[in-house]
**Student:** 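Below is one structure. I have some questions about it.
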Amino acid sequence: MSDNNQSNQKKQGKEQGGQDLNQLLKVRREKLKELQDNCMDPFQITKYEVTAHTGEIKEQFEEYEGKDVSIAGRMMQKRVMGKASFGNVQDLTGNIQIYVSRDSLGEDAYKLFKRMDIGDIVGVEGKVFLTQKGEKSVHAEKVTLLSKSLQVLPEKFHGLTNVDTRYRQRYVDLIMNPEVKDTFIKRSKIISTIRKYLDGQGFMEVETPMLVANAGGAAARPFETHFNALDEDLKLRISLELYLKRLIVGGMERVYEIGRVFRNEGLDTRHNPEFTLMELYQAYTDYNGMMDLTENMYRYVAQEVLGTTKITYNGIEMDLGKPFERITMVDAVKKYAGVDFSEIHTLEEARAVAKEKGVEFEERHKKGDILNLFFEEFVEEHLVQPTFVMDHPIEISPLTKKKPENPEYVERFEFFMNGWEMANAYSELNDPIDQRERFKAQEELLAQGDEEANTTDEDFLNALEIGMPPTGGIGFGIDRMCMLLTDSAAIRDVLLFPTMKTLS
């Protein structure tokens, strides 16, 4: 067969498939019109009494067997067999078989059932029983059409597999792929468990502004917008830090916020321009206190959500039950790159060893920046088990207290698992004079073209001048935590509605 003939046949097949689909959609609308003409419009129904969910019935079958129940959900399968039919109804907790007979429903009601479609939302009243084949089921005594599906669901055996379509039409993805629904149920439980843990530790949940004049607290490029009422340019927050610290100044000793932040950056398997961040600040502690809190919280959340402190991601087991490793950035670079930055004293020496090892750097980079480049190049991929990497160079930590014994470094750690940064924590800088100098250095980087540098926040400096106690603070990437605990390959798999390019 020629290529032209093959192409024509494929085209005709697509056209025929399109015609079939259009006909199916037309038939569904005709069925709706018929119901409406007979005063049985499903969209006029405002409520339905549900007494049980399908998962409960199956899990507690001995308790439910022989009892009347009322369930509601989406019809996922239907087999009409003359005077009796079978269907399958899916709700939040799972699905269950329904047995529908003409004798139980009556002639007219059975005819209506037979005209229902896959995807319709139905309510079913009947008795729970076990079929001869051992299938836990509901013997329907009444079936009510609660909502008419005017679209056609994907074919049941292949489901919804196109990744782009799954993300764009998450509502269909949740219907067709039970494991996706399970991921988001776990995500919800992860977040509620974090709240439960922190509330038990005496933390108070608060909310701070998303629209800000100065987007600080992280190294990121912000989104910008304009507020018409005040005729002012504003930014979407990139961090929660600076407002939460203001609350510590105000005497709220333990605060946290779980909320969306926005960073004008690229998309990949671990980055989405809007994501969920949790930051907390605790007065009268330091970054060692934050390490203890992180270790205990991760262990608690895993146990509560998964029932174990051992998790498996992409086939690799990580043990949250063992003490987390603690290592300085200098020691980590020495261990994995064979370069000891404690013996490198000048920028020229740092540049020389970077050239020797093939680590690319920019003219503006200082010694501490080059140490961090070595860490990113040689170390991160090895940090699979839970690890705290401590004591970062001051150049990359503008909001952190210096180490008293070595002011080139600061009291900061990053928490790593699976080679990913999972959290970032400081002994918070509370010296307003030092903070102003750090902001000044950031402004110079901004002038040199670093679009992710911070700018001076005068109101925040005023708050520090009022006086902030010694404080430990930390930021957790909630989405990455959800990825690990649900074994999800990409951040989009744990975001219900990830950012997507608009279809033209």
Side-chain angles (χ1 to χ4, degrees), residues 163-164 166-168 170 173-174 177 179-198 205 207-208 210 215 217-223 236-241 244 256-280 290 293-294 297-302 304-306 311-314 316 318 320 380-381 383-384 386-387 414-425 452 473-501:
V163 173
D164 188 77
R166 285 182 49 227
Y167 295 150
R168 291 184 189 278
R170 182 67 83 187
D173 191 24
L174 291 167
N177 297 316
E179 69 280 2
V180 172
K181 186 186 292 182
D182 182 62
T183 291
F184 288 105
I185 290 172
K186 281 182 180 172
R187 179 189 171 102
S188 178
K189 190 172 182 182
I190 288 166
I191 293 173
S192 66
T193 304
I194 290 171
R195 286 191 166 101
K196 181 180 176 183
Y197 178 79
L198 292 177
E205 184 172 12
E207 293 178 314
T208 61
M210 289 190 182
R221 183 180 175 187
F223 287 94
L236 293 175
R237 66 185 180 186
I238 59 173
S239 170
L240 312 174
E241 179 167 350
L244 291 177
Y256 75 95
E257 181 174 5
I258 299 174
R260 281 294 173 104
V261 296
F262 309 86
R263 298 183 181 179
N264 201 345
E265 58 192 14
L267 296 162
D268 61 31
T269 56
R270 282 184 283 161
H271 293 88
N272 193 71
E274 57 173 315
F275 61 97
T276 303
L277 185 64
M278 190 270 280
E279 290 196 33
L280 65 85
M290 293 296 100
L293 183 146
T294 301
M297 189 187 77
Y298 257 78
R299 197 169 288 144
Y300 177 81
V301 171
E304 288 290 306
V305 176
L306 305 178
I311 67 170
T312 301
Y313 184 83
N314 196 26
I316 298 171
M318 286 162 266
L320 293 163
E380 286 188 359
E381 63 182 300
L383 305 179
V384 176
T387 304
E414 290 175 297
F415 173 48
F416 281 84
M417 286 181 66
N418 193 50
W420 303 347
E421 180 197 336
M422 304 298 294
N424 187 19
E452 296 186 346
I474 190 166
F476 292 89
I478 297 296
D479 304 312
R480 291 186 187 179
M481 185 181 195
C482 291
M483 287 174 67
L484 282 185
L485 295 184
T486 61
D487 197 9
S488 298
I491 192 171
R492 291 182 176 189
D493 294 326
V494 296
L495 298 175
L496 279 166
F497 300 102
T499 302
M500 305 288 290
K501 185 176 176 63

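Just the heavy atoms: all of them, side chains too, but no hydrogens, waters or symmetry mates, feed the values below.
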**Student:** With rounding to the nearest 0.5 Å, note down the distance linking OG1 in Thr486 to CG in Leu306.
**Tutor:** 9.0 Å

**Student:** If the condition is ring pair (Phe, Tyr, Trp, His ring centres under 6.0 Å), which residues does Phe184 pass it with, not counting sequence neighbours?
**Tutor:**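 So Phe184 forms no ring pair (Phe, Tyr, Trp, His ring centres under 6.0 Å) with any residue.
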
**Student:** To the nearest 0.5 Å, how far apart are OH in Tyr298 and CD1 in Ile194?
**Tutor:** 7.5 Å

**Student:** Over all heavy atoms of both residues, which pair between Ala302 and Leu320 is shortest? Give the atoms and the distance, please.
**Tutor:**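 Between these two residues, the closest heavy atoms are CB-CD1, 3.6 Å.
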
**Student:** By side chain to side chain donor-acceptor pair (under 3.5 Å), which residues pair with Arg492, not counting sequence neighbours?
**Tutor:**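 Once residues adjacent in sequence are excluded, Arg492 has no partner under the side chain to side chain donor-acceptor pair (under 3.5 Å) criterion.
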
**Student:** Would you give the length of the straight line joining atom CD1 of Ile311 to atom CE of Met318, rounded to the nearest 0.5 angstrom?
**Tutor:**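 These two atoms lie 4.5 Å from each other.
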
**Student:** With rounding to the nearest 0.5 angstrom, report the CZ to OH distance, Arg299 to Tyr197.
**Tutor:** 9.5 Å

**Student:** If the condition is side-chain contact (heavy atoms from CB on, under 4.5 Å), which residues does Asp487 pass it with, not counting sequence neighbours?
**Tutor:** Tyr313

**Student:** For Ile185, is there any backbone N or O sitting under 3.5 Å from a side-chain donor or acceptor partner on Ser188?
**Tutor:** no

**Student:** Quick one: salt bridge (Lys or Arg N to Asp or Glu O under 4.0 Å) partners of Lys186, sequence neighbours excluded?
**Tutor:**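 Only Asp182 meet the salt bridge (Lys or Arg N to Asp or Glu O under 4.0 Å) criterion with Lys186.
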
**Student:** Which residues pass the side-chain contact (heavy atoms from CB on, under 4.5 Å) test with Asp268, not counting sequence neighbours?
**Tutor:**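 By the side-chain contact (heavy atoms from CB on, under 4.5 Å) rule, Asp268 matches Arg270, His271.
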
**Student:** Return the set of residues passing side-chain contact (heavy atoms from CB on, under 4.5 Å) with Arg195 (not counting sequence neighbours), or none when no residue passes.
**Tutor:**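 Partners of Arg195 by the side-chain contact (heavy atoms from CB on, under 4.5 Å) criterion, ordered by chain and then number, come out as Ile191, Asp199, Glu205, Tyr256, Ile258.
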
**Student:** For residues Met483 and Thr269, report the shortest heavy-atom separation together with the two atoms involved.
**Tutor:**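 Closest approach of Met483 to Thr269: CE-O, 3.7 Å.
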
**Student:** Give every donor-acceptor pair under 3.5 Å between a side-chain atom in residues 416-424 and any protein atom, sequence neighbours left out.
**Tutor:**
from: Asn424; atom 1: OD1; to: Arg412; atom 2: NE; distance (Å): 2.9
from: Asn424; atom 1: OD1; to: Arg412; atom 2: NH2; distance (Å): 3.4

**Student:** So, for Phe223 and Phe262, is the gap between ring centers shorter than 6.0 Å?
**Tutor:** no

**Student:** Sequence neighbours excluded, which residues qualify as side chain to side chain donor-acceptor pair (under 3.5 Å) partners of Tyr167?
**Tutor:** Asp493

**Student:** Yes or no on side-chain hydrogen bond (donor to acceptor under 3.5 Å, both in side chains) for Thr208 and Glu257, after CA distance, side-chain angles and deciding distance?
**Tutor:** CA-CA 8 Å; Thr208 61; Glu257 181 174 5; 2.5 Å; yes

**Student:** Can you sort out the partners of Thr499 under side-chain contact (heavy atoms from CB on, under 4.5 Å), two or more places apart, ordered by chain and number?
**Tutor:**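 Checked Thr499 against side-chain contact (heavy atoms from CB on, under 4.5 Å); matches are Leu267, Asn272, Pro273, Glu274.
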
**Student:** Given 3.5 Å as the limit, does a donor-acceptor pair link the side chain of Arg263 with the main chain of Ile238, or not?
**Tutor:** yes

**Student:** Could you please spell out the steps behind the side chain to side chain contact (heavy atoms under 4.5 Å, CB included) verdict for Met481 and Met278?
**Tutor:** CA-CA 11 Å; Met481 185 181 195; Met278 190 270 280; over 6 Å; no

**Student:** To the nearest 0.5 Å, how far apart are CG in Leu277 and CD in Glu241?
**Tutor:**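 So the gap between those two atoms works out to 10.0 Å.
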
**Student:** My understanding is that only residues two or more places apart in sequence, or in another chain, count here; which of them pass salt bridge (Lys or Arg N to Asp or Glu O under 4.0 Å) with Arg170?
**Tutor:** Asp173

**Student:** Go through it in stages, so that I can follow the logic: the residues are Tyr300 and Lys196, the test is side chain to side chain contact (heavy atoms under 4.5 Å, CB included), and I'd like the CA-CA distance, side-chain angles, deciding distance and then a yes or no.
**Tutor:** CA-CA 10 Å; Tyr300 177 81; Lys196 181 180 176 183; 3.3 Å; yes

**Student:** Roughly how far apart are Met210 CE and Leu236 CG, rounded to 0.5 Å?
**Tutor:** 9.0 Å

**Student:** Using a 6.0 Å cut-off, check whether atom CD of Glu179 has over 12 heavy atoms from anything other than its own residue.
**Tutor:** yes

**Student:** Once side chain to side chain donor-acceptor pair (under 3.5 Å) is applied, do any residues pair with Arg187, and if so which ones, sequence neighbours excluded?
**Tutor:** Thr276, Asp479

**Student:** Verify, without hydrogens or angle tests, whether Arg237 (side chain) and Pro222 (backbone) share a donor-acceptor contact under 3.5 angstrom.
**Tutor:** no

**Student:** If the condition is side chain to side chain donor-acceptor pair (under 3.5 Å), which residues does Glu279 pass it with, not counting sequence neighbours?
**Tutor:**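 If we apply the side chain to side chain donor-acceptor pair (under 3.5 Å) test to Glu279, skipping adjacent residues, the hits are Ser239, Tyr281.
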
**Student:** Pair Met290, Leu280 - check side chain to side chain contact (heavy atoms under 4.5 Å, CB included), show working.
**Tutor:** CA-CA 9 Å; Met290 293 296 100; Leu280 65 85; 3.7 Å; yes

